Undergrad: 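Please see the structure below; I have some questions.
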Number of protein chains: 2
Amino acid sequence: MTISSRFAVAVHILTLLETGRGEPLTSEYMAGSVNTNPAVIRRLLSLLARAGLTRARMGAGGGTVLARPAAEITLRDVYRAVECEGPLFSLHHERPNPKCPVGRNIQAVLERATGAAQAALEEQLRGRTVADVMAEVAAEGRVAPAMPR
Amino acid sequence: MTISSRFAVAVHILTLLETGRGEPLTSEYMAGSVNTNPAVIRRLLSLLARAGLTRARMGAGGGTVLARPAAEITLRDVYRAVECEGPLFSLHHERPNPKCPVGRNIQAVLERATGAAQAALEEQLRGRTVADVMAEVAAEGRVAPAMPR
DNA sequence: CATAGTGTTACTATTATGGTAACACATTCG
DNA sequence: CGAATGTGTTACCATAATAGTAACACTATG
């Protein structure tokens, strides 16, 4: 099983908001770039806003803006906002047999091992910001002002 | 979504095999320690054998043994054997809009970012072996010879 | 030949994901 | 004030993955 596409789409959204330079973008507009339904975008925006990464303005002329500078939003922030905040690895679904010494102790050991692996992953995500992504997108191709609205 | 419990159970299995010290253990026995159905164990053993981590002996008196010394089986080997060998992160399900510069370039950027994160996770797993797990299980509690058979 | 054990498929229940529809609520503008 | 615009959230649905159980062909031993 893989980490869902929510992370990828959320990074996409935040990068779009950075190209908007403070001007509110609608979920309709962002859905066009992401090639999905606006309700999907809204669901994610709800999580991003809850995590303090975006701010929405309701009503006519509304939309969403970044709540923080792009250079202050790490990909770890995004991951934590849209994916589970808990363990990445599932351990045994049924409690292993405590009568067996391996069964009795294996989960504690696994928790440490998998926790370290997850921490390494998050640490790597922490080293990249939405501003970095923006710069890389620009380097991949010329970032014109935006898609025609 | 999380990484399935297959990884945890596979590590459990390999650790058990290490306590067997070369003597074949049956899936029935291991299922007892893991507290699951033997068919689940067999499914995982099939993957582990395919990855060259275990060797099975069929027929009466059969069972499974480690195909390599525990100190030469890393948790990354296990992860690769039982979970997907491909990307850990899913990207967009539909191709983003190529008319938008962000849409056009975001996936390449995301591939690099998520690939680096996954590599960090695997690198961490690579630093731990089944022998290490065995030692930690022993440190958590006294490893008696084994569960009564 | 009977027994023990592997390897694999099929079935099932459950859960998570992601797309779409619907609509209450909030805000702006004429 | 009403219409229009846009958010936030829930519900529904189809699909995919997981993990437990059942079943059974195949393999090897005594």
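Here is how names work: the chains are called A, B, and so on, in the same order as the sequence lines, proteins then strands, and each is numbered from 1. The structure presented is a predicted model; accordingly, all values stated were derived computationally and were not measured.
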Undergrad: Residues two or more places apart in sequence or in another chain: which of them pass salt bridge (charged side-chain N to carboxylate O under 4.0 Å, His left out) with A:Arg80?
TA: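 In terms of salt bridge (charged side-chain N to carboxylate O under 4.0 Å, His left out), with neighbours along the sequence ignored, A:Arg80 is linked to A:Glu122.
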Undergrad: Please tell me which of the listed nucleotides, C:dT20, D:dA4, D:dG20, lies nearest to the side chain of A:His93?
TA: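 So the side chain of A:His93 is nearest to D:dG20.
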Undergrad: Only counting residues at least two apart or in another chain, list the ones meeting side chain to side chain contact (heavy atoms under 4.5 Å, CB included) with B:Asn35.
TA: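 Side chain to side chain contact (heavy atoms under 4.5 Å, CB included) check on B:Asn35 returns A:Glu94.
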Undergrad: With a 4.0 Å cutoff (strictly under), does any side-chain N or O of A:Ser5 reach OP1 or OP2 of C:dT17?
TA: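 It does not, given that no N or O in the side chain of A:Ser5 lies less than 4.0 Å from OP1 or OP2 of C:dT17.
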Undergrad: Would you kindly give the CD1-to-C1' distance between B:Ile3 and C:dA16, to the nearest whole Å?
TA: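 So the CD1-C1' distance, B:Ile3 to C:dA16, works out to 16 Å.
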Undergrad: Heavy atoms under 4.0 Å, any strand shown: does B:Ser90 hit a base, just sugar-phosphate, or nothing?
TA: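 Result for B:Ser90 = nothing.
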Undergrad: Specify the separation, in whole Å, of atom CG of B:Leu44 and atom C1' of C:dT9.
TA: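 It is 16 Å, rounded to the nearest whole Å.
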Undergrad: How long is the line joining CD of A:Glu23 and P of D:dG6, in whole Å?
TA: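 Those two atoms, CD and P, are 12 Å apart.
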Undergrad: Examine D:dA19: is either OP1 or OP2 under 4.0 Å from a nitrogen or oxygen in the side chain of B:Ser4? Give yes or no.
TA: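 Yes.
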Undergrad: Determine the interplanar angle of the A:Phe7 and A:Tyr79 rings, folded into 0 to 90°, and report it as parallel if under 30°, tilted if 30 to 60°, perpendicular if over 60°.
TA: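 Taking A:Tyr79 first and then A:Phe7, their aromatic rings stand perpendicular (interplane angle over 60°).
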Undergrad: For A:Leu91 and D:dT18, what is the distance between atoms CG and C1' respectively, to the nearest whole Å?
TA: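 Answer to the nearest Å: 15 Å.
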Undergrad: Any side-chain heavy atom of A:Ile41 within less than 4.5 Å of one from A:Leu45?
TA: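 Yes, their side chains come closer than 4.5 Å.
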Undergrad: Grab the CG-P distance between B:Asn37 and D:dT18 for me, whole Å please.
TA: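 In whole Å, D:dT18 P lies 18 Å from B:Asn37 CG.
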Undergrad: Which residues satisfy the side chain to side chain donor-acceptor pair (under 3.5 Å) test with B:Arg95, sequence neighbours excluded?
TA: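 With neighbours one apart ignored, the set is empty.
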Undergrad: What pairs with B:Glu123 under side chain to side chain donor-acceptor pair (under 3.5 Å), at least two apart in sequence or on another chain?
TA: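 Here the qualifying residues are B:Arg126.
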Undergrad: Measure from CD on B:Glu94 to C1' on C:dG18 and round the result to the nearest Å.
TA: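 Rounded to whole Å, this separation is 10 Å.
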Undergrad: Starting at CZ of B:Arg55 and ending at P of D:dA28, how long is that distance when rounded to a whole Å?
TA: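 Answer to the nearest Å: 15 Å.
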Undergrad: Could you work out, with side chain to side chain contact (heavy atoms under 4.5 Å, CB included) as the rule, every residue matching A:Arg128, not counting sequence neighbours?
TA: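 If we apply the side chain to side chain contact (heavy atoms under 4.5 Å, CB included) test to A:Arg128, skipping adjacent residues, the hits are A:Leu75, A:Asp132, A:Glu136, B:Arg112, B:Ala113, B:Ala116.
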Undergrad: Scan nucleotides 7-9 of chain D against the protein and return all N/O pairs shorter than 3.5 Å with their distances rounded to 0.1 Å.
TA:
| from | atom 1 | to | atom 2 | distance (Å) |
| --- | --- | --- | --- | --- |
| D:dT7 | OP1 | A:Ser27 | N | 3.4 |
| D:dT7 | OP2 | A:Ser27 | OG | 2.6 |
| D:dG8 | O6 | A:Arg42 | NH1 | 3.4 |
| D:dT9 | OP2 | A:Ser46 | OG | 2.8 |
| D:dT9 | OP2 | A:Arg50 | NH2 | 3.4 |

Undergrad: Starting at atom CD1 of B:Ile41, determine the distance to atom C1' of C:dG5, rounded to an integer number of angstrom.
TA: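 After rounding, the reported distance stands at 14 Å.
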